[in-house]
Structures are given as structure tokens and as C-alpha cells.
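Data block below; observations after.
As the structure lists them, so they are numbered: ligands from 1, and atoms in each ligand from 1. Note that this is a predicted model, so its numbers are computed, not measured. The figures here come from the full heavy-atom set of this structure, side chains too, leaving out hydrogens, waters and symmetry mates.
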Amino acid sequence: MPNNVIVLGTQWGDEGKGKIADLLTSKANIVVRSQGGNNAGHTLVVGNKKVVVRLVPSGILHKDCLCLIGSGVVVNPGALFEEIEELNKAGVENVESRIKISGASSLLLPVHPAIDKGSEKLRGKGAIGTTGRGIGPCYEDKVARRGVRVGDLYDMENFKEKLKALLEYRNFQLKNYYHEPEVSFESVLEYIEGVRDRLLAMVDDVSLILDNGRRANKKILFEGAQGTFLDIDYGTYPYVTSSNTVAGGCVTGSGAGPLHIDYVLGIAKVYTTRVGGGPYPTELNDEVGEGIRKRGAEFGAVTGRPRRTGWYDAVAMRRAVTINSLTGLALMKMDVLDGMDEIKICTAYKLKDGSISQLPPLSAHEYEGITPVYESMPGWKESTFGITKWDDLPENAKHYIKRLEELSGAKVAILSTGPERDQTIYLDNPFD
Ligand code: GDP
Ligand code: IMO
Ligand code: MG
């Protein structure tokens with residue numbers, strides 16, 4: 001019986017990871033986030049209540065669930081506390097005492113969004129279209145070994161030295177390169193002093209908690225953020241986020257051992273969306289795409305930006321299946337395709353030179369001149385909204401799902417027919 005399950009996005013984010021992580025948490029004891037930061041926006045819908053979590057793991061609505069933030073996450077303390085207040089106001093119990101943060105996680109400081117904005121402005125037309133939350137610059141500092149970590153707050157004299165050096169570097173850049181206002185040492189220090197005690201009270205050894213949980217046969221859910229094609233290595237570089245969003249990132253970013261993972265559940269919409277810039281072969285810039293955006297309410301959970309929409313991309317999925325060693329798939333937002341005459345699936349890419357590729361390239365520039373090769377399937381007129389049994393689905397909807405399964409090579413474990421918990425068809429629950 002699987003105890004350690006990864007849930008991750010197989011497209012460009014916003015696949016519905018939040019709904020599935022929340023659902024599966026009814027059976028999990030621990031949920032851990034391993035990468036990303038408050039660029040994530042995971043929507044949880046219970047009854048007529050909607051909660052969007054950004055840094056807090058999606059297990060938080062289940063009152064006995066322990067929520068961990070691993071070393072691979074970039075933590076913006078102000079944003080975290082705001083989120084905790086929102087959850088408290090929504091009536092969620094014992095929020096703060098159930099969140100444990102790794103001392104090795106990176107501190108996202110007020111200077112990081114400033115750098116993010118400056119960098120995007122300078123890129124002009126080539127902007128990545130980031131969430132503007134400072135995620136990339138915070139990871140840059142981490143990798144450059146000038147970053148500050150949550151655990152650094154135990155020794156403030158040492159922290160101040162590190163902060164001084166970091167700000168000296170970043171302010172030089174802000175002033176001379178981006179021509180933006182600098183961020184003063186005093187203001188950052190004051191901010192940090194205001195959050196320090198509260199943050200340190202949440203610090204724990206995340207890797208050890210996971211190992212103890214595993215030994216005690218606890219059910220652990222690793223919640224991915226963003227999606228496979230936003231991965232820093234395997235995404236459409238440079239139009240990506242700055243962390244490893246693939247299954248491997250769940251291991252390095254949490255401190256769990258790779259052989260302790262029992263099941264990897266990939267989340268995908270039955271179509272695709274993307275927020276921000278970058279290649280997107282199956283994008284629909286027409287009324288069909290507009291219809292999907294409207295019916296699917298495809299607007300960013302973090303920035304409110306309209307999401308780009310397009311047909312399902314089986315070429316990208318082929319890569320997602322192998323990179324993540326997907327055990328199963330959760331296919332989401334089935335209901336959004338209700339009422340369409342025709343549904344297309346991209347089964348191959350036609351490259352600039354006319355050759356056909358079954359796999360996506362590794363860099364954005366290689367997507368130039370690519371056109372999708374489509375297979376067409378008839379749609380269905382009936383509503384699938386809220387259906388809970390496979391047998392109740394329209395025949396054409398079943399054929400469509402079967403075809404997606406066949407093309408991906410991974411079995412469909414869950415089908416989602418609406419935003420709420422019970423609007424779900426289970427073909428195979430990963431924790432059973
Ligand atoms: P995440 O970032 O992967 O957690 O996904 P988001 O929360 O950003 O976006 C997914 C959106 O789709 C949310 O608004 C969900 O409430 C909604 N959603 C999830 N599953 C379904 C579904 O099956 N049908 C419909 N109509 N909406 C869904
Ligand atoms: P969840 O977890 C969708 C996108 C941004 C931009 C790129 C880089 O809700 O699926 P960043 O701010 O990370 O440097 O932006 O990544 N992006 C997301 N798109 N869902 C997300 O998170 C995203 N997080 C980042 O739009 O294109
Ligand atoms: Mg989202």
C-alpha cells in the first residue's frame with residue numbers, strides 16, 4: 001500500500017494540484033512542499049468556500065494534518081503570515097502550530113521582488129512574465145551562496161553580516177543596472193526583526209519528521225508547485241520558474257530519500273493552459289480558446305492574469321511521464337470541454353525542417369517553427385459537471401479519456417468533473 005505519494009503538475013502549472021492534494025489529504029498525515037514559494041496559487045474548494053494557498057501546503061484544511069515547508073522552498077515571511085491570517089479567518093483550526101519550516105529554506109526578502117521587476121522591465125519584449133514575487137532572484141542568491149536562510153535568524157550578528165553583503169550586491173544592481181530605488185539595510189532588518197521570533201518558532205527538522213513519519217507508516221503527500229514544463233532544467237527554458245518542479249525536486253527539496261517514494265501522481269487538465277511568456281505549440285488564439293478560458297475560469301490564482309489556453313499536448317505529456325516516473329494521472333476539468341463539437345489532441349510536433357518529433361525540445365528557441373500534429377475526436381453535448389461514476393460519463397467523454405491514457409502510457413487514477421471535493425471519479429486512489 002503506497003504511503004509516500006507525490007502530486008505534481010505535468011503541464012505549465014495550475015493543473016488542479018490543490019484540489020487533488022486536499023482530496024488525498026483526507027488519508028494523509030503529513031503534506032510537504034519542496035520547492036517554489038508564493039508564486040504558487042493552489043485553490044481548495046469546500047462547499048461554497050474557496051481558499052487559495054500559496055506557501056502553506058494544501059493539507060491545511062484537514063485539522064490533524066502536519067504541513068511541512070522543506071529546504072527547497074523560498075519563504076517570504078510576510079506573505080506566509082498573511083496567508084496564515086486568511087486561513088485563521090476562514091475558520092481553519094490550529095494553522096500556525098501545524099506548519100513546520102526547514103531551517104535550510106531560503107528567506108525571500110523585500111529586495112527580491114524589486115530585482116524581479118527590474119529584471120523583467122529590462123527584458124522588455126522578452127520578459128518571462130514572472131509572478132513578480134521575487135522567486136527567481138531569491139533562488140539566484142541561494143545558488144550564488146550569498147542567500148540568507150531561515151535558520152540564519154538564530155544568530156543575528158552573523159545574519160546582519162550576510163544581509164549587509166547581500167544588499168550591497170543587490171543594491172548595486174538595482175541602482176546601476178536597473179535604475180530602480182535601492183532597498184535599505186535598515187528597512188530589511190526592521191522587517192526581519194518583526195517576523196523573526198514567530199518564524200523561528202515554526203522551524204523544525206523537516207527531513208527528520210519525514211523519516212520518522214515513514215518509519216511509523218504515516219501517509220505522506222509531497223505537493224508539487226508549478227508544473228513540469230516550468231522546471232528550471234526540463235521546462236521551456238528560459239521561460240520557466242527557478243526551481244525543479246519535477247519529481248526529483250520533491251526529494252531534494254524536502255530531504256526525503258528517493259527510494260522512499262511509492263507513487264507519483266501527475267496532474268493534467270484535459271486541455272492546457274499557461275500563464276506568462278514562452279512557447280506553447282497548442283495555444284488557441286481564437287474563440288475556441290476564449291470559450292475554454294471562460295468556462296474554465298482560467299485566470300491566475302496569484303496574479304489574476306488571463307491564462308493562455310490550448311488543446312491537450314500528448315507530446316509534452318510523454319516527456320512528463322518519463323521525467324517524473326508517473327505512476328498514475330489525475331485528469332482535471334473534464335466539465336470544461338462539455339458542449340464542444342470537436343476536441344483535438346496534439347500527438348506529435350512537426351519541426352521547421354518538416355520532420356516529425358514525438359518528444360518536446362529542451363529549450364524555448366528550439367520551439368521556433370514547430371506546428372502541432374492533431375488528432376481530432378468528437379465532443380459530447382451532455383454535462384459531465386459533478387459526475388462521480390465512470391459509467392455515467394458520455395461515451396465520447398470516455399473515448400477521449402481512454403485516448404489520453406493510451407497516448408501517455410500512464411493509467412488514469414482520478415478524473416475531476418468540478419472544483420469541489422466530491423466532483424471526482426476515482427478509478428484508483430493512490431493511497432489505497
Ligand atoms: P493548482 O495551482 O494546480 O493548484 O491549480 P489552481 O488552483 O491554480 O487552478 C485550478 C482551478 O481549477 C481552480 O480554480 C480549481 O478550483 C479549479 N478546478 C479544479 N478541478 C476542476 C474541475 O474538475 N472542474 C472545474 N470546472 N474546475 C476545477
Ligand atoms: P502553481 O503552483 C502557473 C509561471 C509564471 C511565469 C514563470 C516564472 O499555482 O501551479 P516565477 O514568478 O515563478 O519566476 O515565474 O512561471 N508560474 C506559474 N504558472 N502556476 C504557477 O504555480 C506558477 N508559478 C510560476 O507565470 O511564466
Ligand atoms: Mg495555481
(Q) Do Leu265 and Leu326 make a side-chain contact, defined as non-hydrogen atoms from C-beta onward lying under 4.5 Å apart? (A)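 Leu265 does not reach Leu326 side chain to side chain.
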
Q: With 2.8 Å as the limit, jot down which protein N, O or S atoms are around the Mg ion (ligand 3).
A: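 N, O, S partners closer than 2.8 Å: Asp14 OD1, Gly41 O.
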
Q.
Among Gln423, Met334, Arg54, Lys333, which one puts a heavy atom closest to atom 11 (C) of ligand 1?
A.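 It is Lys333 that holds the nearest heavy atom.
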
Does [X] approach ligand 2 within less than 4.0 angstrom via side chain, backbone, both or neither, non-hydrogen atoms only?
| X | value |
| --- | --- |
| Arg133 | neither |
| Leu230 | side chain |
| Trp12 | backbone |

Please state whether [X] comes within less than 4.0 angstrom of ligand 1, counting heavy atoms only.
| X | result |
| --- | --- |
| Gly41 | yes |
| Arg307 | yes |
| Gly13 | no |

Q) Judged by non-hydrogen atoms, does Arg307 sit under 4.0 Å from ligand 2? A)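 Heavy atoms of Arg307 never come under 4.0 Å of ligand 2.
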
Q: Answer with yes or no whether Arg305 contacts ligand 2, where contact means a heavy atom under 4.0 Å from a ligand atom.
A: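 Checking ligand 2 against Arg305, which is what was asked, there is a heavy-atom contact under 4.0 Å.
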
Tell me: protein heavy atom nearest [atom], and distance?
| atom | answer |
| --- | --- |
| atom 16 (O) of ligand 1 | Pro419 CB, 3.5 Å |
| atom 24 (N) of ligand 1 | Asp335 OD1, 2.8 Å |
| atom 10 (C) of ligand 1 | Asp14 O, 3.7 Å |

**Q.** Under-4.0 Å heavy-atom contact with ligand 1, by part of Val45 that carries it
**A.** side chain

Q: Record the part of Val52 in heavy-atom contact with ligand 1 below 4.0 Å; permitted values are side chain, backbone, both and neither.
A: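 Val52 to ligand 1: no contact under 4.0 Å from either part.
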
Q: Indicate yes or no for a side-chain donor-acceptor contact from Ser363 to the backbone of His365 under 3.5 Å, with no hydrogens or angles considered.
A: no

(Q) Nearest 0.5 angstrom please: Asn4 CG to Phe431 CZ, how far? (A) 7.5 Å

